[in-house]
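In this chain, residues are counted from 1 in sequence order.
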Amino acid sequence: MLTTLTRAQFEEASRRYVDAHSGGRCSEVNAHPSGWSWHEHPYVPALGYLSRIVILPRPSGGEANGSEEPEDLIAVDDEATAPLPPAQLTCRQYVVYSPTFEVPTFYFTLHDPSGSPLPLDAIVESALFRRHALPSPDGNAFALTLPDSSLALLSQGDHPTLGTPSWYFHPCHTSEVVSEILAESDDAGITDELLRWMEVWFMVLSNIVDFFAGSQ
């Protein structure tokens, strides 16, 4: 059983994942997030990555604060006074290889309609993450740390291939979590171990990231 991936295995696993799950977007519980494509660095070999773009709704102030007003209390006289639809957010998502931990790593950016990056507190409240999956920021605008932990869960860093400012989830415990699930799951008949590794990795990350939110 694979506990980590070499870069070559990551690239092959990513390509197999794209081939296996390149169909239309679906939201079934057992579905795997689709819409990903494989990209190579234009000049440097072995720096490929997965990516996709997702459009997310931006929560209103009431939603973000948990005090959304009930619809039956909102008076709308005509189209001129009707509330405008919420602004949309552009989320660029990437899966890249971590040579340090030898596992995939999730990178992303989140921008408002003007192209400005969202601050950390707005990112935590966005539809990208499952509600209450992340702790509230503790005042640090560049990283998010779990209580009673000195290691940042979510940090800022440059995309390893593109060099652009991004956010990423620290991959330090990825190998042990994925390996534990693979060992306990009843997958004796699985013939494509690399594909299964990527599927389990997405499943683990889906506990925090809502890969089915928004539209592609």
Can you sort out the partners of Asp112 under side-chain contact (heavy atoms from CB on, under 4.5 Å), two or more places apart, ordered by chain and number? Arg58, Leu89, Ser114, Ser116, Leu118
Evaluate the side-chain proximity of Arg7 to Pro99: yes if any heavy-atom separation is below 4.5 Å, no if none is. yes
Kindly write out the residues that satisfy side-chain contact (heavy atoms from CB on, under 4.5 Å) with Glu40, not counting sequence neighbours, or none if the list is empty. Arg15, Trp38
Do the non-hydrogen side-chain atoms of Ser179 and Met1 ever get within less than 4.5 Å of each other? yes
Examine distances only and state if a side-chain atom of Arg16 and a backbone atom of Leu194 form a donor-acceptor pair shorter than 3.5 Å. no
Nearest heavy atoms of Thr145 and Pro135, plus distance in Å: O-CG, 4.0 Å
What's the shortest heavy-atom distance between Cys91 and Leu56, and which atoms? CB-CD1, 3.9 Å
Quick one: ring pair (Phe, Tyr, Trp, His ring centres under 6.0 Å) pairs with a partner in residues 113-132, sequence neighbours left out? Phe108-Phe129, Phe129-Phe169
Is Val96 reachable from Leu128 through a run of I, L, V, M, F, W or Y residues, each pair having side-chain heavy atoms under 4.5 Å apart? no
What is the minimum heavy-atom distance between Asn140 and Asp138, and which atoms define it? N-OD1, 3.2 Å
Looking at residues at least two apart in the chain, or sitting in another chain, which of them share a side-chain contact (heavy atoms from CB on, under 4.5 Å) with His41? Tyr43, Val44, Leu47, Thr161
Please check if the side chain of Trp197 supplies one atom and the backbone of Leu2 the other of a donor-acceptor pair under 3.5 Å. yes
Using atom types as modelled and distance alone, determine if a side-chain donor or acceptor of Ser175 lies under 3.5 Å from a backbone N or O of Thr3. yes
Flag yes if Leu205 and Tyr107 sit in one hydrophobic cluster, no otherwise; membership is Ile, Leu, Val, Met, Phe, Trp, Tyr, and two members link when side-chain heavy atoms are under 4.5 Å apart. no
Please list all pairs passing the salt bridge (charged side-chain N to carboxylate O under 4.0 Å, His left out) test where one or both residues lie in residues 167-182, with sequence neighbours left out. none
Sidechain-backbone polar pair: Tyr97 side chain, Leu5 backbone, donor-acceptor under 3.5 Å: yes
Do Met198 and Ser14 have side-chain heavy atoms sitting under 4.5 Å apart? yes
Applying salt bridge (charged side-chain N to carboxylate O under 4.0 Å, His left out) as the test, list every pair that has at least one member in residues 206-216; sequence neighbours left out. Arg130-Asp210
For a quick test of reading the model, state the closest non-hydrogen atom pair linking Ala133 to Asn207 and the distance between them. CB-O, 4.1 Å
Cluster check Tyr49, Trp201: I/L/V/M/F/W/Y, side chain < 4.5 angstrom: no
Quick check: closest heavy atoms across Ala143 and Ala152, and the distance to 0.1 Å? CB-CB, 4.0 Å
List for me each residue that meets side-chain hydrogen bond (donor to acceptor under 3.5 Å, both in side chains) alongside Thr174, sequence neighbours excluded, and say none if there are none. none
Compare all side-chain heavy atoms of Phe10 with those of Val95 and state whether any distance is below 4.5 angstrom. yes
Indicate if Leu50 and Tyr168 have the same hydrophobic cluster label, given that clusters are the connected sets of ILVMFWY residues with side-chain heavy-atom separations under 4.5 angstrom. no
Listed partners of Pro137 passing side-chain contact (heavy atoms from CB on, under 4.5 Å), at least two apart: Leu120, Asp121, Val124, Leu144
Partner set under ring-ring contact (aromatic ring centres under 6.0 Å, His included) for Phe202, not counting sequence neighbours: Tyr17, Trp36, Phe211
With side chains defined as the heavy atoms from C-beta onward, is the minimum distance between Ile181 and Val204 less than 4.5 Å? yes
Contacts of His111 that satisfy ring-ring contact (aromatic ring centres under 6.0 Å, His included) - sequence neighbours left out: none
Filter on salt bridge (charged side-chain N to carboxylate O under 4.0 Å, His left out), then keep only pairs touching residues 199-208, sequence neighbours left out; what's left? Arg196-Glu199
Side chains of His32 and Ser34: do they bring a donor and an acceptor to under 3.5 Å? no
Do Leu162 and Tyr94 touch side chain to side chain, with heavy atoms closer than 4.5 Å? yes
Checking Gln93 now: which residues fulfil side-chain hydrogen bond (donor to acceptor under 3.5 Å, both in side chains) with it, not counting sequence neighbours? Arg52
Would a single hydrophobic cluster contain both Leu110 and Leu134, if residues Ile, Leu, Val, Met, Phe, Trp and Tyr are joined by side-chain heavy-atom contacts under 4.5 Å? yes
For a quick test of reading the model, state the closest non-hydrogen atom pair linking Pro171 to Ser98 and the distance between them. CG-OG, 4.1 Å
Would you compute the distance between atom NE2 of His159 and atom OG1 of Thr105 and round it to the nearest 0.5 angstrom? 10.5 Å
